[in-house]
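Just so you know, ligand 1 is whichever comes first in the structure, and atom 1 is the first atom listed for that ligand.
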Amino acid sequence: MVYEYTLKTQKQNFYNITSFVKNAVKQSGIINGIAVVYCPHTTAGITINENADPDVVTDLLYALDVTYPDRPEFRHAEGNTTAHIKSSVMGASQTVIIDNGRLLLGTWQGIYFTEFDGPRIRKYYVKVIEG
Ligand code: ZN
């Protein structure tokens, strides 16, 4: 079973989707296994990072902008190459272990959907696998 979620995004941001992933695991009834969180977009991604201090997300967005600025040498006609780069840096998915019905995340870890070319209506999937 695949759980599908939609998300309305801003131009660029990180969205904490941990509670939705937890709900998918609960709904699946699977006690031990893995949850795969997958983003089917080329200018967005999924990552795991700090969930406590919102300044971490602010700093990550700033650092990504500084590290991957727009360049006149970029050829992609759509003009959003930096968003494609950031998407690949984040990756399209994360896999989290489910142990005894709960996600084995660290205390300070949250699962984020990352937008780099919004605003858009985005989708992500959660697949829960027993094992
Ligand atoms: Zn593009």
Discussion item. At a threshold of 2.8 Å, where the distance has to be below it, does the Zn ion (ligand 1) have an N, O or S atom of N80 nearby?
Written reply: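 Yes, since at least one N, O or S atom of N80 sits under 2.8 Å from the Zn ion (ligand 1).
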Worksheet item: Is the distance from the Zn ion (ligand 1) to some N, O or S atom of D117 under 2.8 Å?
Response: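 It does not: D117 brings no N, O or S atom closer than 2.8 Å to the Zn ion (ligand 1).
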Worksheet item: By atom name, which N, O or S atom belonging to E78 lies closest to the Zn ion (ligand 1)?
Response: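 Looking at E78, the N, O or S atom with the least distance to the Zn ion (ligand 1) is OE1.
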State, without any angle test, whether [X] and [Y] hold a side-chain donor-acceptor pair at a distance under 3.5 Å.
X   : Y   : result
Q12 : D65 : yes
N49 : T47 : no
Q10 : Y15 : yes

Worksheet item: How wide is the angle at the Zn ion (ligand 1) between NE2 in H76 and NE2 in H84, to the nearest 10°?
Response: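 Approximately 100° at the metal, rounded to tens of degrees.
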Fill in: CG-CG distance between D99 and L104, expressed to the nearest 0.5 angstrom
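Rounded to the nearest 0.5 Å, the CG-CG separation comes to 4.5 Å.
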